[in-house]
Amino acid sequence: MRILLTGGAGFIGSHLGGALVRRGDQLVILDHFLPLAETARKEHQLREEDLLGGDLPVEIVRGDLRDAALLARLLPSVDAVVHLAALAGVRDSLADPLLYESVNVHGTLVLLQAMREAGCRKLVFASSSSVYGAREGEGGFHEDEPADRPVSPYAATKRAGELFCHAAHAHWGLDVSCLRFFTVYGPRQRPTMAIARFIDLALHDRPLPVFGDGSSLRDYTYIDDIVRGVLASLDRLRGFEVINLGCGDPILLRELVEAIGAAVGRPIRIERHPEQAGDVPRTHADIGRARRLLDWQPQVALLRGLAETVAWQRRQG
Ligand SMILES: NC(=O)c1ccc[n+]([C@@H]2O[C@H](COP(=O)([O-])OP(=O)(O)OC[C@H]3O[C@@H](n4cnc5c(N)ncnc54)[C@H](O)[C@@H]3O)[C@@H](O)[C@H]2O)c1
């Protein structure tokens with residue numbers, strides 16, 4: 001298949017791009033490589049997968065998702081789209097919600113419209129566990145629960161993206177899988193995310209900032225498991241589906257800190273801070289649907305995933 005991968009220079013995109021090419025797909029990566037301060041890191045991510053500067057069947061397009069003319073040029077030659085391009089930070093979305101709306105919602109709609117016009121019918125859309133909001137009670141979050149109480153602009157944009165995807169399915173016949181990723185980690189995780197940041201600080205013997213009392217619960221999911229879930233969605237799903245991709249086995253923040261200490265092999269110091277705005281108290285994926293429709297289940301337990309991530313971060317110096 002020839003696949004357009006938006007956001008392909010990012011954390012998840014670079015891993016997924018490598019996997020697609022290795023299994024024989026042709027790839028068009030669309031990414032704007034911005035901000036400039038991040039360009040070198042994104043290029044490095046692609047080089048680690050041999051996606052830049054090698055002789056693999058990859059076309060790299062440096063451009064903006066919201067550029068309808070660019071998409072009109074790219075789409076007629078592709079069979080399917082994996083749409084990862086987005087502004088992805090919860091806290092930054094509180095500072096600049098209009099920009100998040102523009103990239104994540106308007107950008108998604110520009111893509112859907114361009115797919116319709118080009119006759120490209122298959123889309124995998126990167127959604128997020130954040131759409132569940134500050135969900136109370138016990139147990140895993142199920143895809144059929146209402147997801148209409150987002151607590152950050154970022155979460156609202158991801159939910160809006162899902163809704164536009166459904167409208168595109170209903171009226172234009174697109175096959176769309178909305179995959180709700182639960183906190184993804186692993187080599188090349190965005191440096192502002194908790195695990196990458198904690199490992200970096202621990203390796204430099206610096207204290208880890210812990211927000212709240214350490215009782216927040218997160219369903220950390222290793223990058224290779226996410227990549228397998230996206231590939232299975234591309235291959236198997238038709239119609240419209242919303243599917244959680246999460247480990248299904250959440251842990252407390254204070255347990256994560258201990259596990260990072262064990263993975264780094266050093267005692268950890270922490271610094272307490274108040275709860276952060278936009279954060280939810282817990283995430284926990286019900287993964288029954290992913291098991292059933294994708295024959296998917298996570299294979300990388302947290303300790304192994306952390307060990308891989310620490311090893312990679314050590315190699316980066
Ligand atoms: N990492 C996670 O834990 C997680 C969890 C849930 C959902 N997601 C979603 O998965 C996707 C990928 O996340 P990631 O962690 O790899 O983030 P990332 O920031 O590493 O990757 C996103 C990529 O999109 C590109 N991009 C942003 N705006 C663009 C635009 N206007 N035009 C073209 N390219 C643009 C960026 O340059 C970047 O390379 C995002 O949609 C994110 O919302 C991620």
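Basis for what follows: all heavy atoms, side chains included, without hydrogens, waters or symmetry-related copies. Worth saying up front: this structure is predicted, and the values here are computed from it rather than measured. Order of listing sets the numbers, starting from 1, for every ligand and every atom in it.
Distance check, rounded to the nearest 0.5 Å: CG of L109 to CD of Q113 gives 7.0 Å. We find the CZ-CG distance between R291 and D295 to be 10.5 Å, quoted to the nearest 0.5 Å.
Near L84, with a cut-off below 4.0 Å to any heavy atom, the atoms of ligand 1 are 11 (C), 12 (C), 40 (C), 41 (O). Taking every non-hydrogen atom of G10 and a distance limit under 4.0 Å, the qualifying atoms of ligand 1 come out as 20 (O), 21 (O), 39 (O). In summary, the atoms of ligand 1 found under 4.0 Å from a heavy atom of S127, numbered by their order in the structure, are 6 (C), 7 (C). Near T183, meaning under 4.0 Å from one of its heavy atoms, ligand 1 places the atoms 3 (O). For ligand 1, the atoms lying closer than 4.0 Å to a non-hydrogen atom of A9 are 39 (O).
Here the heavy atom of the protein found nearest to atom 22 (C) of ligand 1 is A86 O, 3.8 Å. Ranking the protein heavy atoms by distance from atom 44 (C) of ligand 1 puts I12 CD1, 3.8 Å first. Nearest protein neighbour of atom 32 (N) of ligand 1, counting heavy atoms only, is L65 N, 2.9 Å. Counting only heavy atoms of the protein, atom 34 (N) of ligand 1 lies nearest to H32 N, 3.2 Å. Of all protein heavy atoms, the one closest to atom 37 (O) of ligand 1 is D31 OD1, 2.6 Å. The nearest heavy-atom contact from the protein to atom 31 (N) of ligand 1 is D64 OD1, 3.1 Å. The protein non-hydrogen atom at the shortest distance from atom 38 (C) of ligand 1 is K42 NZ, 3.3 Å. The nearest protein atom to atom 3 (O) of ligand 1, hydrogens excluded, is given as V184 N, 2.8 Å; this is a heavy-atom distance.
Using a cut-off of 4.0 Å between Lys/Arg side-chain N and Asp/Glu carboxylate O, D219 and R282 are scored as not salt-bridged. Between E59 and R2, at least one side-chain nitrogen of the basic residue sits less than 4.0 Å from a carboxylate oxygen of the acidic one, meeting the salt-bridge criterion. Taking a cutoff of 4.0 Å between a charged side-chain nitrogen and a carboxylate oxygen, R91 and D279 qualify as a salt bridge.
When heavy-atom distances to ligand 1 are checked against a 4.0 Å cut-off, M193 comes that close only through its side chain, counted from C-beta outward. The proximity of V103 to ligand 1, defined as any non-hydrogen pair under 4.0 Å, is limited to the side chain.
The aromatic rings of Y132 and F182 lie tilted to each other, with the angle between the two planes from 30° to 60°. Between H15 and F11, the ring-plane angle classifies as perpendicular under the 30° and 60° cut-offs.
Connection of L51 to V61 is not established within any shared hydrophobic cluster, with ILVMFWY side chains joined at heavy-atom distances below 4.5 Å, either directly or through further cluster members.
When the options G63, A126, S102 are ranked by their closest heavy atom to atom 10 (O) of ligand 1, first place goes to A126. If you check each of R190, K158, R41 against atom 19 (O) of ligand 1, the one with the closest non-hydrogen atom is R190. Comparing Y154, F11, F33, Y100 by heavy-atom distance to atom 8 (N) of ligand 1, the nearest is Y154.
In the model, E162 has a side-chain atom that pairs as donor or acceptor with a side-chain atom of S127 under 3.5 Å.
Relative to the ring axis of F125, R180 does not place its NZ or CZ within 45° and under 6.0 Å from the centre.
Remark: aromatic rings of H284 and F141 are distant, center separation not under 6.0 Å.
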